[in-house]
Amino acid sequence: MTRSERLEQIYTIVAQIPAGRVTTYGRVAKMTDGATARMVGSAMRQLPAGHGLPWHRVINASRRVTEHGGAIDQREKLRAEGVAFDAKGRVNAELLWP
DNA sequence: CTTGTGACCAGCA
DNA sequence: ATGCTGGCCACAA
């Protein structure tokens, strides 16, 4: 597997996450062939503008939004899609996409 | 619930 | 080549 092939896999998988659902870095990584969770995070970080990918539907394994530059926007986008956060900032486990 | 530790691997200085 | 750093994860304690 080359680096760009894994990137494509990551993009393809993220693009398949339905609106109003979320998944985790590790889950995306498992669906690819050889990518690690860190690479998924790195891929999301380097996304160009206007990519059209629902990057905001990717959260961490504890069902929280990881602290980073666009975390506020991420929560807002999810909320706009109907993803509810509880008082501790966690999303409902039933919203997880396999 | 919280921390700490080890594993993972692509970039970059 | 080496060393450090990441939108992380699983598994302790």
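Naming: A, B, ... by sequence-line order, numbering from 1 per chain. Below, each value reflects all heavy atoms present in this structure, side chains not excepted, and no hydrogens, waters or symmetry copies.
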Q: Does some side-chain heavy atom of Q9(A) sit less than 4.5 Å from a side-chain heavy atom of M31(A)?
A: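 SC-SC contact between M31(A) and Q9(A) ruled out.
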Q: If you write DNA chain C from 5' to 3' in dot-bracket form, with Watson-Crick or G-U pairs under 3.5 Å, [ ] for crossing pairs and | for pairs with another strand, what do you get?
A: .|||||..|||||
Q: Measuring from W97(A):CH2 to R27(A):CZ, what's the distance to the nearest 0.5 Å?
A: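 With rounding to 0.5 Å, CH2 (W97(A)) is 10.0 Å from CZ (R27(A)).
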Q: Could you check which residues of residues 5-33 of chain A get a heavy atom under 4.0 Å from DNA chain B? Sort them by number, please.
A: R6(A)
Q: If hydrophobic clusters are built by linking Ile, Leu, Val, Met, Phe, Trp and Tyr wherever their side-chain heavy atoms come under 4.5 Å apart, do L7(A) and Y25(A) end up in the same one?
A: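 They do share one cluster, since a chain of ILVMFWY contacts under 4.5 Å joins L7(A) to Y25(A).
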Q: Answer yes if I59(A) and V14(A) sit in the same cluster of Ile, Leu, Val, Met, Phe, Trp and Tyr residues linked by side chain heavy atoms under 4.5 Å apart, and no otherwise.
A: no
Q: Would you mind telling me which of dA10(C), dC9(B), dC8(C) lies closest to the side-chain atoms of T36(A)?
A: dC9(B)
Q: Might you point out which heavy atoms bring R21(A) and I17(A) nearest each other, and give the distance in Å?
A: O-CG2, 3.7 Å
Q: Would you say that more than 12 heavy atoms from the other residues, nucleotides or ligands in this model lie under 6.0 Å from the CD of E8(A), or not?
A: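 Atom CD in E8(A) is not crowded, with 12 or fewer foreign heavy atoms closer than 6.0 Å.
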Q: Counting only heavy atoms and a strict 4.0 angstrom limit, can you tell me which residues of residues 37-59 of chain A come near DNA chain B?
A: R38(A), M39(A)
Q: CZ of R38(A) to CZ of R45(A): how many Å apart, nearest 0.5 Å?
A: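 Spacing of CZ (R38(A)) from CZ (R45(A)) equals 10.5 Å.
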Q: What integer number of Å spans the P atoms of dA7(B) and dG7(C)?
A: 22 Å
Q: Please round to the nearest 0.5 Å and tell me the distance separating atom CD1 of I13(A) and atom NZ of K30(A).
A: 12.5 Å
Q: What's the separation between atom CZ in R57(A) and atom CE in M44(A), rounded to the nearest 0.5 Å?
A: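 If we round to the nearest 0.5 Å, R57(A):CZ and M44(A):CE are 12.0 Å apart.
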Q: Looking at R64(A), does any N or O in its side chain come under 4.0 Å of the phosphate oxygens OP1/OP2 on dC1(B)?
A: no
Q: Once rounded to the nearest 0.5 Å, what's the spacing between atom CD of E81(A) and atom CG of L95(A)?
A: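 Reported value, rounded in 0.5 Å steps: 10.5 Å.
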